[in-house]
Amino acid sequence: MSKLLQVENLVKNFGGLTAVSNVSLHLDNNELVALIGPNGAGKTTLFNLLTGVIPASSGSIVLSGENGTYPLNGKRAYKIADMGLSRTFQNIRLFKNLSVLDNVLIAMTSKFKEGFIPTIFRFPSYYKTEARLVAEAKKLLAIFELTDDVDVLAKNLPYGTQRRLEIVRALATKPQILFLDEPAAGMNPEETANLTQLILKVQHSFHITILLIEHDMSLVMNLAQCIYVLDHGSLLAQGTPDEIQANPAVIKAYLGEEA
Amino acid sequence: MKKTMIKKVVSMAAIVMTAGIFAGCSTAKTTTKGNQTTGNTIKIGVNMELSGAAAGYGNSQKQGIQLAAAEINKDGGINVNGKKKKIKLIIRDNKTSTNTSASVAAQLVNNDKVAAIVGPATTNAGTAEIPNITKAAVPSVSPSATDPAYTLQKSGKVQPYVFRACYQNNFQGSTAAKFMTNTLKAKRVAVYADNSSDYGTGLAKAFKKAYTGKVVDSQFFTAGDKDFNAVLTSFKSKKIDAIYAPGYYNELGLIIKQARQAGINVPIVGSDGMADPKLAQIAGDQNASKIYYTTPFSDDVAKDNPTAVKFMNKYKARYHQDAPTFSALAYDSVYMIKTAIENEKSADSVKIAKGLANIKDFDGVTGKITMNKNHDPEKPIAIEQLTKGKVSNSFDIK
Amino acid sequence: MKANVKYNLVWLIMMVAGFYLMNTLILVGVIDSFIENMLVTIGINIILATGLNLIIGFAGQFSLGHAGFMAIGAYATAIVTQTASTPGGFYASIFIGIVISIIAALIVGVPTLRLRGDYLAIATMGASEIIRILINNMKITGGAAGMFNIPQFADWPTVYIMVCVTTIIIVNFIHSRAGRAVKSVREDEIAAEAMGINVTKWKLAAFVLGASTAAVAGSLHASYLQTIAPNDFGIMESISILIIVVLGGVGSITGTFVAAVVLGVLDTVLQNFGALRMVIYAAALILIMIFKPSGLLGTWELSIKKIFSRSKRKERVES
Amino acid sequence: METFFQQIINGLSLGSIYALLALGYTMVYGIIKLINFAHGDIYMLGAFWGYYVINVWHFNFISALLSAMLVGAASGVIIEYFAYRPLRRSPRITALITAIGVSFLLENGMSYLFSSNTRDFPQIIKQVNYHIGGVLISNIQILILVTACVLMVLLQLIIKKTKMGRAMRAVSVDPDAAELVGININWTISFTFALGSALAGAAGVLIGLYYNSIDPLMGMTPGIKAFVAAVLGGIGSVPGASVGGFIIGILETFVQSIGLSAYKDAVVYFVLIVILLILPAGIFGKNTKEKV
């Protein structure tokens, strides 16, 4: 069986600057992988390339599905999202002036289609679809203990809750692969611990693959089955947490500074 | 499933109800017999462009109207079947907008109960007013709506309550064409018309239809333009004998100035929109030579027309400037209404309309006017020539 | 679902009641043709402004070209009813106006909607001016003279019903999956795209829907007023629609209604002030904006559902 | 060939007028991101001021020009203080509507107070035409062209080299941060308005002199054109405004010279849209990509 997501020789140049150079990686079904590296290593850029926010300069990204493989290069972000790659953002990008429920419902837009005429003239089928949609969204929100906040505007939520909502929103697109960009940023140790549990729960109950960027090493080492280390745009190392912790190059480039 | 049924029944019911409303909807069309005049004043409404694009022209007309009304009132008013009644002007601004013109007309005829309306200045605002005044059977005299079809219904029949005091475009345009062929002997002309209103384009069309020489080039400008050098430069290289430039004095003044400065010294012929002392002021007196325009209001007419002389003197005394054509036309509009009232011996709106349609040999500032069956005034036309900014000659065109 | 029927029924009753109220007032003579004229103008402005509010307030795309689409509808009706002078012809002309304006909106929208903010505003303004200038120079449209003697098929009931219909369409669009997608585009294009929203498509959807309602308004304008000219559809017309939207509150359809009524009444009352009318209007505009920067109603919406649920909650609290 | 060069001159002189107005737009937009709709009307005020001081107080050209700049600056500052400052924290579209309101107020207020008639501007400088190789150019055209270029360079110097210029740039990038480092935002914005509006005042006198006709609505059409020019050049950029002005001037002249005068504005808008599609932030504008 081929890998779920296969990335080969991915390159991104911004003018003269090479932000990502020749990165190859792969994700397996139901795997939890971490991407680490110092600030400016190109981690978020890599995320942006994988989710189609910015186009790659060269290289290939291939998704394997039940009926064969689909190249993702050059596809618009919404198409990639439709194919099952969803994400959160480093600097939270919720729909701030919309309610928590709407935030989740929006992510379900492409999954629940309803014609223009039935929508405009409020055919019974419209109410049915809408009711199903809301039920599903509320179910998801319940899992993340956001039921009480359904009608709250996203911008009025506390910071940690906003991060949680972003994960819910990403899950609402029914992804195969979930990209989490620093989910624990700005959280205290207790919140981080809760988040760790939550991520594990998500992975298991939704059977999805997760790739996460994180600076909190306790979280990374606890969760990840495999770690990629990025430095100056290129891959420095890959392996299990134990291997990475023992890798001299990584220690030098990254962990070494802390030691 | 059952709920769907309910829903369906409800929406069906709604449709039936709505249909019922329309069936039963009889918005009683009140058929008025026009506005009667009671009391000691005759209300005359003014639906005029006092702000917006045509405000300059509208305000000139307002001055003419106010002068006429003041004059009539000073003489005791209009003689309605032996009883003198004063004029009460109700002046409203239509913002040079069709929409507002319709609203102003509705207010004037329904709320102010005017017996007649003077205005609007532009054809577009004028046509917008027609449905409302026709419904109320109140006549309106526009001093300067020039579109040939303005006074006509779609079928070609005349609009019963729509009149004007000015020439329609075809008459003026063809006169200019005759003049350029016969008097100026111009064989090659360029046309430069204002295409932001019907006035310039309508005249250009009429001119081109009637002109027998060669129209070398035909270009357009927009009201508010200030720079005409590009088109004038291209005219310059085309060996033209004259330019026909129908438009208003604001732009024409600048066109004359820029043409003369660019070394184009051919005659420039225009229309009554140019007949304003401001034309020469804007162009500069030294530039305003070999300028011709069709006008009802020429010095020649004025000489043997005491009405015009009186008007010009009074206008100057009141507003400290020479009277422009627009003011003269508006002034005549008021007097046409007065004449109609006096002839019909009634200041009721329907009677006024009848009187206006029957105006014959009315002594106006802009000539002896007889209303034809299309409610277009038939009056002599003349062409004035400017030399160094002053009227130096005038030609009668038959 | 029963609840939904109830809400819809309340709205329906309100609309029908409004109709009867107007009809009665006209029969009694309280509303004369002057006030009717004002009400029709307000109605047409409501159609225009709700459409623009959809584009600006909900999709977050700053369009300044609404008058161009209005012109398309107006001229479609004027030209078609000239030959087909029947009510059927009038409704066909509305349809034709909608189709042409949709095509025009696609031609304008596909390339320009990728522009942002003021750049989009100026591009749409330019597009609308191009439409106007083309109309001004075409033979079939009567050129600068415009068209008059247009047969009148749009009386006030037509306008009233069209206001209801277009408002229902736009409000239902906003309160649906489509509306959420459109709002997400306004909030954050990148996040929306990452959540599977085809940003281009939804921007365009809002733009096209707004343009087609503008065409309907144009048709009504032409048929009610019986005269149109290219100058009716210039930049200033687009701006006056924008003023209604902003004054009512960007993102509030209720606000648009209120602002259209307030401005319509203000404008009509100011008719009595002669040359001062525009001065007072301008001063009023500045003052309202300074003291109510987010518009008269902000983003508040009248919602039967909320009123019902609030009164229910109250009952529960009381019992 | 002569015709061609004459058309170039025509285009440049028309362009210099647009550029002169566009400079003011771009300055104000650059600092508070507001389309100052009333800019064209300040230009009108400048022209009327020139008209009155020359006719009534017999000012000479230079003093009329300088006083018109002062009047322009003062009215710009006053408008900013009363109409825009209270809205600085409000949505930008609100301020835009206020700007439109101010524009209406100035146009109609002037019409109301001084009538909407067109007036002839006193010809204080006698127009002299120079024939250079068959091409005609007048001293006033040269004056406007030179003024536009000098002002552009001067503005660029003020923005790049002076302390005030630095403050202006800082406020335009991030007003809050600018305030933290001790820049007086209100003062800086007032200064920008004064500068931009002084330019409009000067343009009023120069253009009044050149065309010899002024009226209360004179600011409307060139105002919109100048704004288009500023957008075309990349709004917020000083050289962009000038280049945009010249492009539109030359384009309009070109379109008219090939006989498409009826479509001149349509072509201008069409080119504007095309350029924006290629360069979404205008010719000199920086297309700032959002950081994800």
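Protein chains get the first letters and strands the later ones, always in sequence-line order, with residue 1 at the start of each.
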Out of curiosity, D/Leu272 CG to C/Tyr119 OH, how far, rounded to the nearest 0.5 Å? 10.5 Å
Using 4.0 Å as the upper bound for N to carboxylate O, is an ion pair formed by D/Arg92 and C/Asp118? yes
Does any non-hydrogen side-chain atom of D/Tyr112 lie less than 4.5 Å from one of C/Met278? no
Please examine the side chains of C/Ile130 and D/Tyr263, heavy atoms only from C-beta on, and report whether any two atoms are closer than 4.5 Å. no
Check whether any side-chain heavy atom of D/Asn108 lies under 4.5 Å from a side-chain heavy atom of C/Tyr281, and answer yes or no. no
If we define contacts as heavy-atom pairs under 4.5 Å, which of D/Val267, D/Leu106, D/Ile35 has the most with chain C? D/Ile35
Which pair of non-hydrogen atoms, one from D/Leu105 and one from C/Ala283, has the smallest distance, and what is that distance? CD1-N, 4.0 Å
OH/D/Tyr52: more than 12 non-hydrogen atoms of other groups inside 6.0 Å: yes
Note, C/Met236 side chain near D/Phe104 side chain (heavy atom, < 4.5 Å): yes
How would you list, in number order, the residues of residues 231-244 of chain D that have a heavy atom less than 4.5 Å from chain C? D/Val231, D/Gly234, D/Ile235
Please state whether the side chain, the backbone, both or neither of D/Phe37 comes within less than 4.5 Å of a heavy atom of chain C. side chain
Where on C/Ile239 is there a heavy atom nearer than 4.5 Å to chain D: the side chain, the backbone, both, or neither? side chain
Shortest non-hydrogen pair, C/Pro293 vs D/Thr94, comes out as O-OG1, 2.7 Å
Contacting region of D/Leu276 [heavy-atom separation from chain C under 4.5 Å]: both
Pick one of side chain, backbone, both or neither for C/Ile288, based on which atoms fall under 4.5 Å of a heavy atom in chain D. neither
Side chain from CB out, backbone as N, CA, C, O: work out which of these in D/Leu87 comes under 4.5 Å of a heavy atom of chain C, or both, or neither. side chain
First locate atom CD1 of D/Ile273, then atom CD of C/Glu129, and finally report the distance between them rounded to the nearest 0.5 Å. 10.5 Å
d(C/Ile286 CD1, D/Thr98 OG1) to nearest 0.5 Å is 7.5 Å
Heavy atoms of other groups near D/Leu277 CG, more than 12 under 6.0 Å: yes
Of the backbone (N, CA, C, O) and the side chain (C-beta and beyond), which part of D/Ile97 lies under 4.5 Å from a heavy atom of chain C, both, or neither? both
Side chain / backbone / both / neither for C/Ala127 at chain D, heavy atoms under 4.5 Å: both
Based on non-hydrogen pairs under 4.5 Å, which of D/Ala262, D/Gly282, D/Pro91, D/Gly109 is most in contact with chain C? D/Ala262
For a quick test of your reading: what N or O donor-acceptor pairs under 3.5 Å do the side chains of residues 58-74 of chain C make, sequence neighbours left out?
{"residue": "C/Gln61", "atom": "NE2", "partner": "C/Ala59", "partner atom": "O", "Å": "3.0"}
{"residue": "C/Ser63", "atom": "OG", "partner": "C/Gly65", "partner atom": "N", "Å": "3.3"}
{"residue": "C/His66", "atom": "NE2", "partner": "C/Leu48", "partner atom": "O", "Å": "3.1"}

Below 4.5 Å, heavy-atom pairs only: which of C/Asn136, C/Ile290, C/Leu285, C/Ile56 has the largest tally toward chain D? C/Ile290
Validation: residues 241-267 of chain C side-chain donor-acceptor distances under 3.5 Å, sequence neighbours left out:
{"residue": "C/Ser252", "atom": "OG", "partner": "C/Gly255", "partner atom": "N", "Å": "2.8"}
{"residue": "C/Ser252", "atom": "OG", "partner": "C/Trp300", "partner atom": "O", "Å": "2.6"}
{"residue": "C/Thr254", "atom": "OG1", "partner": "C/Glu301", "partner atom": "OE1", "Å": "2.5"}
{"residue": "C/Thr254", "atom": "OG1", "partner": "C/Leu302", "partner atom": "N", "Å": "2.9"}
{"residue": "C/Thr256", "atom": "OG1", "partner": "C/Asn53", "partner atom": "ND2", "Å": "2.8"}
{"residue": "C/Thr256", "atom": "OG1", "partner": "C/Ser252", "partner atom": "O", "Å": "3.1"}
{"residue": "C/Asp267", "atom": "OD1", "partner": "B/Lys95", "partner atom": "NZ", "Å": "2.9"}
{"residue": "C/Asp267", "atom": "OD1", "partner": "C/Arg277", "partner atom": "NH2", "Å": "3.1"}
{"residue": "C/Asp267", "atom": "OD2", "partner": "B/Lys95", "partner atom": "NZ", "Å": "3.3"}
{"residue": "C/Asp267", "atom": "OD2", "partner": "C/Arg277", "partner atom": "NH2", "Å": "3.4"}

Give me the contact list for residues 107-114 of chain C versus chain D, heavy atoms only, anything under 4.5 Å, ordered by residue number. C/Pro111, C/Thr112
